[in-house]
Amino acid sequence: MLDIKLIRERPDWTKQELTKVGFSGDAVDRLIECDAQRRRLQHQLDELRAQRARQSRELAQLSEQQRESARGDMRALGAHVAQGERELAELERQAEAMLLEMPNLPRPHVPVGAGEGENKIVRAELEPRAFDFEPLAHWELGQHLGIIDFDRGVKLAGTRFYVMMGAAARMERALVAWMLDVKVREQAYLEVWPPLMVNSAMVLGSGHLPKFRDTMYRDAEEDFWFIPTAEVPLTNLYAGEILEAGRLPIYLTAYTPCFRREKMSAGRDVRGIKRGHQFDKVEMVKLVTPETSDRELETLVENACEICRRLEIPFRVVQMCTGDLGFTAAAKYDVEMWAPGCGEWLEVSSCSNCADFQARRARIRFRRAPGDKPELVHTLNGSGLGLPRTLIAVLENYQNEDASVTVPKVLRPYMDGLEVIRPQARREI
RNA sequence: GGAGAGGUGGCCGAGUGGUCGAAGGCACCAGAUUGCUAAUCUGGCGUACUGGGCAACCGGUACCGAGGGUUCGAAUCCCUCCCUCUCCGCCA
């Protein structure tokens, strides 16, 4: 959520910045008008209430008879106040609704661009491997090895579901455990096991509601939303709280399944495990002081890159231009791994600095020193990494000519020393 | 799910219709004082919106789990919901 004061004081600048992220400035004018009305009414109402309080206090001093005669006027005044309160509530609701639909503004250093086409590759590491045979796509490898079962996934749940068995299931678990170990042991993150369902206030705080309502699963009867990413519970962990400055920065990590309806991408990426309704992810979230967030984004990206590097899989970092930032990000980098089988760069991590956008919604604040006014923290989040796509990259990069797959060195200790995945015996399937 | 108790400021905890943003204590901050990190005393100490001032600041309003209601006036009375604790039931 943007700061209404900023919009009020610098409307033209706000509109200009919103245009950079592809959002029409018209809403700003409507918001400012609504806000001005709201403030006018609030002022009138405040005075009315002050008058009521004053007269009501005087009434208390009067005798019962005198009081009786004054009641008529007082009743009218009370009704007047109630009417004003109703109108004010409506104006507040409208202003709030507009504000909640407005995307974040870009950080000043983010390159201006209209969309995906103008993103910039800012870094690339490791050379794609030269194959002397035609590399298979992961769905071919997975089926050949008997470790990914698409048909049974569909049987159990429906399209966009699959079942991992044997070495794939084992590798999924190995990846999770290994990534968490790197986060916790070497990158100073605190491991968290959050709820996988949260209430609507949390999803509002993270910026997923109201705009992305139909991208999420929810309980039909109760106020539970299945998390689309661990970013939601992690970012909201300290929602509504005022933290002491000494506690910042806070680095959090969690492995969770993620649930997404994927209505927006119907028909896209239907093959393989690239895009499912449920997937695993290790997530990183940072709560930091405002002046450090730009720097913290760089190290967040580096934390994601380190995972790719140790898996020895070619990757690149893409800086999003203003037009591709999405709703909550003020700056964003994607980390992409090369997948030689399906021949594409796979987004395995998306690292964002949300500045105070989520903190304002979720009211996450800190105090620099005792007695100081609370300030909003800055929040950042990034995948560290998304599991299915990482698994795709592992399978496709580490495949051998006989369609077996070599296990990356870093994962072997997590897989009982297994070095090569070969077709599974029938009974294992 | 049933019964009971309860939700008040950073924490503990008073307050059952008016002068309560709310006693008292703890914590915290500032100052004073004592021949050393402790004690004592004095003062300060919520959040948000809003009016005024360049500003430290001054004023108004709202907020006592949430939402409705009664009333001239609600932390206080009534209703609904949520949450916590205890006991019972049920269950992975």
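The sequence lines fix the lettering, A, B, ..., with proteins before strands; numbering per chain opens at 1.
Look at the C1' atom in both B:U50 and B:C41: the space between them is 39 Å, to the nearest Å. With C1' as the reference atom, B:A62 and B:A22 are 15 Å apart, rounded to whole Å. A gap of 24 Å separates the C1' atoms of B:G24 and B:A5, to the nearest Å. Look at the P atom in both B:U8 and B:U84: the space between them is 14 Å, to the nearest Å. Atom name P, nucleotides B:U76 and B:G17: the rounded distance is 11 Å, in whole Å. Annotation: B:A27 and B:C82 have their C1' atoms spaced 30 Å apart (nearest Å). B:G15 sits 16 Å from B:G6 when the C1' atoms are compared, rounded to a whole Å. Remark: the separation of the P atoms in B:C28 and B:G18 is 36 Å, to the nearest Å.
Taking atom CD of residue A:E221 and atom C1' of nucleotide B:G1, one finds them 15 Å apart after rounding to whole Å. Rounded to an integer number of Å, the gap from A:L59 CG to B:G18 P is 14 Å. Atom CZ of A:F224 is separated from atom C1' of B:C82 by 12 Å (rounded to the nearest Å). Rounding to whole angstrom units, CZ of residue A:R247 and P of B:G10 are separated by 15 Å.
Applying the Watson-Crick and G-U wobble criteria (two distances, each under 3.5 Å), B:C20 pairs with nothing in any strand. B:U61 and B:A48 make up a base pair, with Watson-Crick or G-U wobble contacts both under 3.5 Å. Shown here, B:A74 forms no base pair; nothing in the strands shown gives a Watson-Crick or G-U wobble contact with both key distances under 3.5 Å. In this structure, B:C41 forms a base pair with B:G31, meeting either the Watson-Crick or the G-U wobble geometry with both donor-acceptor distances under 3.5 Å. The base-pairing partner of B:A56, taking Watson-Crick or G-U wobble contacts with both distances under 3.5 Å, does not exist among the strands shown. Both distances falling under 3.5 Å, in either a Watson-Crick or a G-U wobble arrangement, place B:G67 opposite B:C79. Pair assignment for B:G1 gives B:C88, based on Watson-Crick or G-U wobble hydrogen-bonding distances that are each under 3.5 Å. In this structure B:C36 sits in no base pair that meets the Watson-Crick or G-U test at under 3.5 Å.
Taking A:K183 as the reference, A:Q187 meet the side-chain hydrogen bond (donor to acceptor under 3.5 Å, both in side chains) condition, with sequence neighbours excluded.
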Tell me which donor-acceptor pairs under 3.5 Å the side chains of residues 73-82 of chain A have, and how far apart each pair is, sequence neighbours excluded?
none

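Between A:F259 and A:H277, the ring center distance fails the sub-6.0 Å criterion.
Every pair tested for ring pair (Phe, Tyr, Trp, His ring centres under 6.0 Å) that includes a residue from residues 1-59 of chain A fails, sequence neighbours excluded, so the list is empty. Sorted by first and then second residue, the pairs that involve residues 350-369 of chain A and meet ring pair (Phe, Tyr, Trp, His ring centres under 6.0 Å), not counting sequence neighbours, are A:F327-A:F357. Among pairs with a residue in residues 16-25 of chain A, those fulfilling side chain to side chain donor-acceptor pair (under 3.5 Å) read A:E17-A:K20, A:S24-A:D26, at least two apart in sequence or across chains.
For the 3.5 Å distance criterion, the side chains of A:Q42 and A:E92 fail to qualify, holding no donor opposite an acceptor.
Residue whose closest nucleotide on RNA chain B sits further toward the 5' end, between A:R75 and A:R86: A:R86.
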Strictly under 4.0 angstrom, non-hydrogen atoms only: write out the protein contact profile of nucleotides 46-68 of chain B, one letter per nucleotide from the 5' end, B, S or -. -SSSSS--------BSS------
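The 12-atom threshold is not exceeded at CD of A:E244, counting heavy atoms of other residues, nucleotides or ligands nearer than 6.0 Å.
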